[in-house]
Chemist: 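Sharing a structure here in structure tokens format.
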There are 2 protein chains.
Amino acid sequence: MVNRRRAPRTGTAPPLRADDGRWQELLDIAARIFARKGYRSTTLQDIADEFGVLKGSLYHYIRSKDELLFEVVRTVYGGGLAHLRELAGADLDPVERLRAVIRGHVRYLIDNLVGTTVLLHEFDQLSAEHRARLPVRDYQEVVAGLVVDARADPRVKPDLDPQLTALAVLGAANWVHRWYRPDGRRSPEEIGAAYADLLVDGMLTGAGAG
Amino acid sequence: MVNRRRAPRTGTAPPLRADDGRWQELLDIAARIFARKGYRSTTLQDIADEFGVLKGSLYHYIRSKDELLFEVVRTVYGGGLAHLRELAGADLDPVERLRAVIRGHVRYLIDNLVGTTVLLHEFDQLSAEHRARLPVRDYQEVVAGLVVDARADPRVKPDLDPQLTALAVLGAANWVHRWYRPDGRRSPEEIGAAYADLLVDGMLTGAGAG
DNA sequence: CGCGCCCCGACAACCGTTTGGTAGGGCTAC
DNA sequence: GTAGCCCTACCAAACGGTTGTCGGGGCGCG
């Protein structure tokens, strides 16, 4: 978490003015509307209305609508990957670490529901340049690496495909935003625990087929 | 698989003219472009170009763009649900039936990749009326029911949450269209088998925690 | 003839973006 | 202190392009 006020003009296209409360507010509003209606169906008019501004005035904060989407997903993308890597670095035996990672990742996805919704649903609406700066493959690599580690444990199925397993784990987790409701019967912790047990136990040799 | 030529004018809004080769061709083209660019980013111009027609001429086949999307997803929705229920009715012991269902469903999703991509990605772009006619919850209910059946088997974790488990299964499966490539290293059968073993074995009591 | 199939031309609405202007707060020089 | 200045934040109005949709007409075929 870099402490930056008056963000320096580094990189290609940093936000014009970062960290003001108003900028964060705009990001939140945009994320919420993007999540509800979809990027392409969202009008700058929609955002400006909720922001309390004429739509042209938004260009004081953004360079283009595309960049606004990028700024929204960049935050949650970076945060999620950092969080995932932190979990993956825990000092636990590989199997339990995998369990903790799934629990924690599901928890993150739910804690950042609107952001992850936009990231997962509108990712391919980004320009090719912006998309290249968010290599979602990294998520898969982290989880696949953990599966490789776990395979050293004799309890784990030796013929487990790390990539395929990682994709199954991430797929299950990434689907949560489509059905989770804060007033639902299950808490984020219960969901994370259930997913972790289901998926990690599925990697172990047990009563099932080999 | 209903055999219908010259589809009767049942329901609210059947296609103006069904089953002509040209109509099916239009559906395929629309589905492909919707899958690639997204519904909202796809213009009738795009579709008309590939169809070899001026965009106004499309209204000879469709009533509106929204209806075109509906017709695309209706096909794959109905087919997928029918296929899933057929698999769920197989005369197998509940655990093996669940395995077969996951294998078969993944296989279906891959066999109908463009259609399922549109269904899963553009579902909420449908009008509320159209959406109500495609209760996606039905998928969840079918799988949850199978989990309930399987729970009668003593090998299965007795405290398994059917809804949560069904959502995990469907989430993993529904993610496939985001990464599957026909020239990839794994065949549809291998993917389905890997997913089935991972998820079903995860439901069994084994070496893991309870 | 009649009908399916498509062209042609248009329209109204909308959308992202631009340009020019302005109120006001705060810093600085005198 | 106050006049001058700049910067931030926004308004007002427009522009060019695009989009979904529609009506009318023509052509070929059974």
Side-chain angles (χ1 to χ4, degrees), chain A residues 4-9 13-31 33-34 36-72 118 122 125-127 129-130, chain B residues 5-7 9 13-31 33-34 36-72 118 122 125-127 129-130:
Chain A
R4 51 186 167 96
R5 53 176 64 203
R6 300 275 161 228
R9 301 303 178 90
L16 269 56
R17 257 152 229 93
D19 286 345
D20 299 344
R22 197 83 170 123
W23 164 253
Q24 198 55 209
E25 190 185 343
L26 174 59
L27 240 47
D28 287 354
I29 289 173
I33 306 184
F34 284 161
R36 178 159 43 93
K37 310 178 55 169
Y39 170 71
R40 209 73 192 205
S41 299
T42 298
T43 308
L44 290 182
Q45 188 71 54
D46 295 333
I47 298 171
D49 286 349
E50 197 147 331
F51 196 50
V53 141
L54 294 189
K55 67 170 177 172
S57 306
L58 289 178
Y59 282 78
H60 189 66
Y61 295 90
I62 65 174
R63 196 167 329 216
S64 67
K65 190 190 177 189
D66 179 84
E67 194 205 71
L68 180 56
L69 173 61
F70 176 70
E71 291 299 329
V72 167
V118 178
E122 310 296 342
Q125 295 291 337
L126 288 168
S127 70
E129 296 76 31
H130 282 153
Chain B
R5 54 176 63 203
R6 298 274 162 227
R9 301 301 178 90
L16 270 55
R17 257 153 231 92
D19 287 343
D20 299 345
R22 197 84 170 122
W23 164 251
Q24 198 56 227
E25 190 185 342
L26 174 59
L27 241 46
D28 287 354
I29 289 173
I33 307 185
F34 285 161
R36 179 159 41 93
K37 311 177 55 169
Y39 170 71
R40 208 73 192 209
S41 299
T42 299
T43 65
L44 291 181
Q45 187 71 54
D46 295 333
I47 298 172
D49 285 349
E50 196 146 331
F51 195 50
V53 139
L54 294 190
K55 67 169 179 171
S57 306
L58 290 178
Y59 281 79
H60 190 65
Y61 297 89
I62 65 175
R63 196 167 329 216
S64 67
K65 189 190 177 190
D66 179 84
E67 195 206 69
L68 180 56
L69 173 61
F70 176 69
E71 290 299 328
V72 167
V118 178
E122 310 296 343
Q125 295 292 337
L126 287 168
S127 69
E129 295 76 29
H130 282 153

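Note that the structure is predicted; figures quoted are calculated from it, not measured. In what follows, every chain begins at residue 1, and chains take the letters A, B, ... in the order their sequences are listed.
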Chemist: Expressed as a whole number of angstroms, how long is the span from B/Tyr61:OH to C/dG4:C1'?
Modeler: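 Taking OH of B/Tyr61 and C1' of C/dG4, I get 8 Å after rounding.
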Chemist: For B/Asp46, which of B/Lys55, B/Lys37, B/Arg36 qualifies under side chain to side chain donor-acceptor pair (under 3.5 Å)?
Modeler: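 Only match with B/Asp46 under side chain to side chain donor-acceptor pair (under 3.5 Å): B/Lys37.
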Chemist: Parallel, tilted or perpendicular, judged at 30° and 60°: which one describes the rings of B/Trp23 and B/Tyr61?
Modeler: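 Because their plane-to-plane angle is under 30°, the rings of B/Trp23 and B/Tyr61 count as parallel.
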Chemist: Which whole-number value in Å describes the distance from B/Leu69 CG to D/dG20 C1'?
Modeler: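 Interatomic distance, CG of B/Leu69 to C1' of D/dG20: 15 Å.
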Chemist: Let me check the geometry of the helix from C/dC1-D/dG30 to C/dC30-D/dG1. What is the bend angle between the axes at its two ends, five pairs each, to 10°?
Modeler: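 It comes to 10° between the two terminal axes.
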Chemist: Using every non-hydrogen atom in the two residues, find where A/Val118 and A/Ala31 come nearest and quote the distance to one decimal.
Modeler: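 Where A/Val118 meets A/Ala31 most closely, the heavy atoms are CG2-O, 3.4 Å.
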Chemist: Can you confirm whether B/Leu68 sits close enough to B/Ile47 that some side-chain heavy atom of one is under 4.5 Å from a side-chain heavy atom of the other?
Modeler: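 Yes, their side chains come closer than 4.5 Å.
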Chemist: Is A/His60 close enough to D/dA9 that one of its side-chain N or O atoms is under 4.0 Å from OP1 or OP2 there?
Modeler: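 For D/dA9, OP1/OP2 do have a side-chain N/O of A/His60 under 4.0 Å.
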Chemist: Starting from C1' on D/dG20, measure out to CD on B/Glu67 and report it in whole angstrom.
Modeler: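 My rounded result for the distance is 14 Å.
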Chemist: Find the distance B/Arg22:CZ to C/dC5:C1' and express it as a whole number of Å.
Modeler: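 Spelled out: CZ on B/Arg22 to C1' on C/dC5 is 9 Å.
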Chemist: Nearest heavy-atom pair of A/Ser127 and A/Asp66: which atoms, and what distance?
Modeler: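 Heavy-atom minimum between the residues: N-OD1, 3.3 Å.
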Chemist: Round to a whole Å and report the spacing from CG of A/Asp49 to P of C/dC14.
Modeler: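 These atoms are roughly 13 Å apart.
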Chemist: Nearest heavy-atom pair of B/Ser41 and A/Arg40: which atoms, and what distance?
Modeler: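 Answer, listing the atom of B/Ser41 first, then A/Arg40: OG-CD, 3.2 Å.
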Chemist: May I have the distance from A/Leu58 (atom CG) to D/dA12 (atom P), rounded to whole angstrom?
Modeler: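 Whole-Å distance recorded here is 15 Å.
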Chemist: Report the relative orientation of the aromatic rings in A/His130 and A/Phe70; use parallel for angles under 30°, tilted for 30 to 60°, perpendicular for over 60°.
Modeler: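 Parallel, since the angle between the ring planes stays under 30°.
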Chemist: Measure CH2/B/Trp23 against P/C/dG4 and give the value in whole Å, please.
Modeler: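 So the CH2-P distance, B/Trp23 to C/dG4, works out to 16 Å.
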Chemist: Considering all heavy atoms of both residues, which atom of B/Glu67 and which atom of B/Ile62 are nearest to each other, and what is their separation?
Modeler: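 Where B/Glu67 meets B/Ile62 most closely, the heavy atoms are OE1-CA, 4.1 Å.
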Chemist: Where does the angle between the aromatic ring planes of A/Tyr39 and A/Phe34 fall among parallel (under 30°), tilted (30 to 60°) and perpendicular (over 60°)?
Modeler: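 Taking A/Phe34 first and then A/Tyr39, their aromatic rings stand perpendicular (interplane angle over 60°).
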Chemist: Just the table, please: protein N/O against nucleotides 16-20 of chain C N/O, every pair under 3.5 Å.
Modeler:
| unit_1 | atom_1 | unit_2 | atom_2 | d |
| --- | --- | --- | --- | --- |
| C/dG16 | OP1 | A/Thr42 | O | 3.4 |
| C/dG16 | OP1 | A/Lys65 | NZ | 2.8 |
| C/dG16 | OP2 | A/Leu44 | N | 3.0 |
| C/dG16 | N7 | A/Lys55 | NZ | 2.9 |
| C/dG16 | O6 | A/Lys55 | NZ | 3.1 |
| C/dT17 | OP2 | A/Tyr59 | OH | 2.3 |
| C/dT17 | OP2 | A/Lys65 | N | 2.9 |
| C/dT17 | O5' | A/Tyr59 | OH | 2.9 |

